[in-house]
Amino acid sequence: MLPFKRTIPLYLKEDERNGLRAASRFNAELMDYLRPHVKAGITTDELDRMAYDYTIDHGHTPACIGYHGYPKTICTSVNEVVCHGIPNAKPLREGDIVNVDITTIVDGWYGDQSETFLIGNVHAAAKRLVQTTFDSLFVGIRACRPGCAVIEIGQAIQTFAQAAGYSIVREYQGHGIGRQFHQDPGIPHFASFTSSRDILEPGTCFTIEPMLNVGGWKTRLDKRDGWTVRTLDGSLSAQFEHTILMTESGPEILTLTKNGPQEGHHF
Ligand code: MF3
Ligand code: CO
Ligand code: CO
């Protein structure tokens, strides 16, 4: 069987693109604001409070609080936590890796991004995982162009990550984004058949947010809090995320930060 193409009905006009650009820029500024504080000794609750206050003080809206009942402003995923870790009162410790995932709403438009931070000196194995995950995000971004199929992103990331010996989380993926937090198309970070017919035309906005594990790809959802996703085998996991607008001339990264790691960064 195959292939009838499915163009995602998401053609954003220039003023709409500018709405997304502004939301993503604010989100990136918030990441720049938090970055110097992501250090040993701070609690993820403190980071969460800073993100909440910064967002409100600028007249914008945190996207996560109340989203399907999520209780906080940001997600903080430490070590074996894959994603959706809930900030808590435990201080970050030297040797941890922590992903900080931030989403804000500016004038009705969503901007979404995450970074994994190394807390002090971390094991070489953890640093290599973080480096490969960061690089895999850019491998995915560089694999897409106007009119490409979504699967090309996942194929490129899968080839790259597996060559480095890591597995790729399958149950959580990137997503279309705009006036909604999560919408079509889903963006798998592996070569999923389901994404082979989805075509990324100019005017489509979406996230790429690969999660790579040292061990197996399977995850387990915390039954008590209903949110925290951990690797099933307890191995380390890292993630990076950008919001991407497909334009007529190629992918535009909307959530680039001023002070954060740029493409090609060496951790
Ligand atoms: N920011 C996450 C993403 O990249 C989603 C978090 S939803 C929450 O899609 F409710 F857990 F905050
Ligand atoms: Co996202
Ligand atoms: Co996110």
Side-chain angles (χ1 to χ4, degrees), residues 8 10 20 23-31 34-35 38 44-45 47-49 51-52 55 60-78 81-88 98-106 109-117 133-134 136-137 140-141 144 150 153-154 157 168-189 195 204-212 219-230 237-246 251 253-257 260:
I8 305 305
L10 246 188
L20 269 159
S24 298
R25 192 179 316 122
F26 174 75
N27 204 64
E29 284 164 7
L30 172 52
M31 188 66 90
L34 291 182
R35 186 175 299 99
V38 186
T44 47
D45 266 346
L47 293 171
D48 188 76
R49 162 58 63 173
Y52 180 85
T55 306
H60 303 312
T61 309
C64 293
I65 306 177
Y67 181 76
H68 295 282
Y70 186 77
K72 303 264 171 142
T73 296
I74 61 176
C75 298
T76 49
S77 301
V78 179
V81 178
V82 171
C83 62
H84 305 165
I86 302 174
N88 59 34
V98 57
N99 176 272
V100 176
D101 192 340
I102 309 175
T103 312
T104 44
I105 312 170
V106 175
W109 296 97
Y110 286 73
D112 185 10
Q113 73 197 104
S114 80
E115 281 178 26
T116 297
F117 295 85
T133 309
F134 180 75
S136 79
L137 168 58
I141 293 170
C144 66
V150 169
I153 297 172
I157 293 174
I168 300 158
V169 171
R170 303 170 78 97
E171 295 111 324
Y172 301 88
Q173 32 180 264
H175 49 92
I177 186 166
R179 286 191 178 282
Q180 291 177 59
F181 196 162
H182 296 110
Q183 59 190 24
D184 276 350
I187 312 282
H189 303 107
S195 62
T204 307
C205 198
F206 56 97
T207 72
I208 304 180
E209 47 183 298
M211 288 145 274
L212 268 51
T219 65
R220 186 163 42 100
L221 178 66
D222 189 309
K223 278 198 206 69
R224 288 157 305 173
D225 68 24
W227 284 101
T228 308
V229 177
R230 294 186 179 81
S237 184
Q239 179 179 30
F240 285 86
E241 172 176 31
H242 273 309
T243 295
I244 312 291
L245 173 68
M246 184 56 77
I253 308 173
L254 302 188
T255 40
L256 284 177
T257 62

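Here, residue 1 is the first one in the sequence, and each next residue gets the next number. For ligands, and for the atoms within them, numbers begin at 1 and follow the listed sequence. In this text the structure is predicted, and so the values were computed from the model without any measurement. Only heavy atoms go into these numbers, but all of them, side chains included; no hydrogens, no water, no symmetry mates.
The aromatic rings of Tyr172 and His84 stand perpendicular to each other, their planes meeting at an angle above 60°, with 30° marking the opposite boundary. Aromatic ring pairs are classed by plane angle as parallel below 30°, tilted from 30° to 60° and perpendicular above 60°; the pair Phe181 and Tyr110 is parallel.
Every atom of ligand 1 with a heavy atom of Cys64 under 4.0 Å away is listed here by number and element: 12 (F). Of all the atoms in ligand 1, the ones that sit under 4.0 Å from a non-hydrogen atom of Thr103 are 1 (N). Using a 4.0 Å cut-off to heavy atoms of Glu241, the atoms of ligand 1 that qualify are 4 (O).
Ligand 1 lies within reach of Phe181, whose nearest heavy atom is under 4.0 Å from it. Note on ligand 1: His175 sits in its first shell, one or more heavy atoms being nearer than 4.0 Å. Within the 4.0 Å heavy-atom shell around ligand 1 one does not find Thr207.
Distance alone, capped at 3.5 Å, places no donor-acceptor pair between the Asn99 side chain and the Cys83 backbone. A donor-acceptor pair is defined here as one N or O able to donate and one able to accept, closer than 3.5 Å; no such pair exists between the side chain of Ser136 and the backbone of Ile157. At distances below 3.5 Å, at least one donor-acceptor pair connects side-chain atoms of Ser77 with backbone N or O atoms of Gly85. Side-chain atoms of Asp48 come within 3.5 Å of backbone atoms of Ile74 as a donor-acceptor pair (strictly under, hydrogens ignored). A donor-acceptor pair under 3.5 Å is absent between the side-chain atoms of Glu209 and the main chain of Gln239, judged by distance alone. Side-chain atoms of Glu241 do not come within 3.5 Å of backbone N or O of Asp101 as any donor-acceptor pair.
Residue Glu209 places at least one N or O, backbone or side chain, under 3.5 Å from an N or O of ligand 1. Of the polar atoms of Trp227, none of the N or O atoms is found under 3.5 Å from an N or O of ligand 1, judged by distance alone. The N/O atoms of His84, backbone and side chain alike, include none that comes under 3.5 Å of an N/O atom in ligand 1. Note: an N/O pair closer than 3.5 Å links His182 and ligand 1 by distance alone.
Of all protein atoms, those that are N, O or S and lie under 2.8 Å from the Co ion (ligand 2) total 4.
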- Task: Could you check Met31 against Thr255 for side-chain contact (heavy atoms from CB on, under 4.5 Å), going step by step and ending with a plain yes or no?
- Result: CA-CA 9 Å; Met31 188 66 90; Thr255 40; over 6 Å; no
- Take Glu115 and Thr257 through the test side-chain contact (heavy atoms from CB on, under 4.5 Å) and record every step on the way to the result. CA-CA 11 Å; Glu115 281 178 26; Thr257 62; 4.0 Å; yes
- Message: The test is side-chain contact (heavy atoms from CB on, under 4.5 Å); show your working for Cys64 and Thr73 and say whether it passes.
- Response: CA-CA 5 Å; Cys64 293; Thr73 296; over 6 Å; no
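Residue, atom and distance of the protein heavy atom nearest to atom 7 (S) of ligand 1 are Tyr67 CD2, 3.9 Å. In this structure, atom 3 (C) of ligand 1 lies nearest to the protein heavy atom Asp112 OD2, 3.4 Å.
A pairwise comparison of heavy atoms in Ile244 and Pro251 identifies CG2-CB, 3.7 Å as the closest pair. Residues Gly186 and Val150 approach most closely at O-CG1, 3.6 Å, considering heavy atoms.
The proximity of Cys83 to ligand 1, defined as any non-hydrogen pair under 4.0 Å, does not occur for either the backbone or the side chain.
If you check each of Ile86, Ile102, Asp101 against atom 2 (C) of ligand 1, the one with the closest non-hydrogen atom is Asp101.
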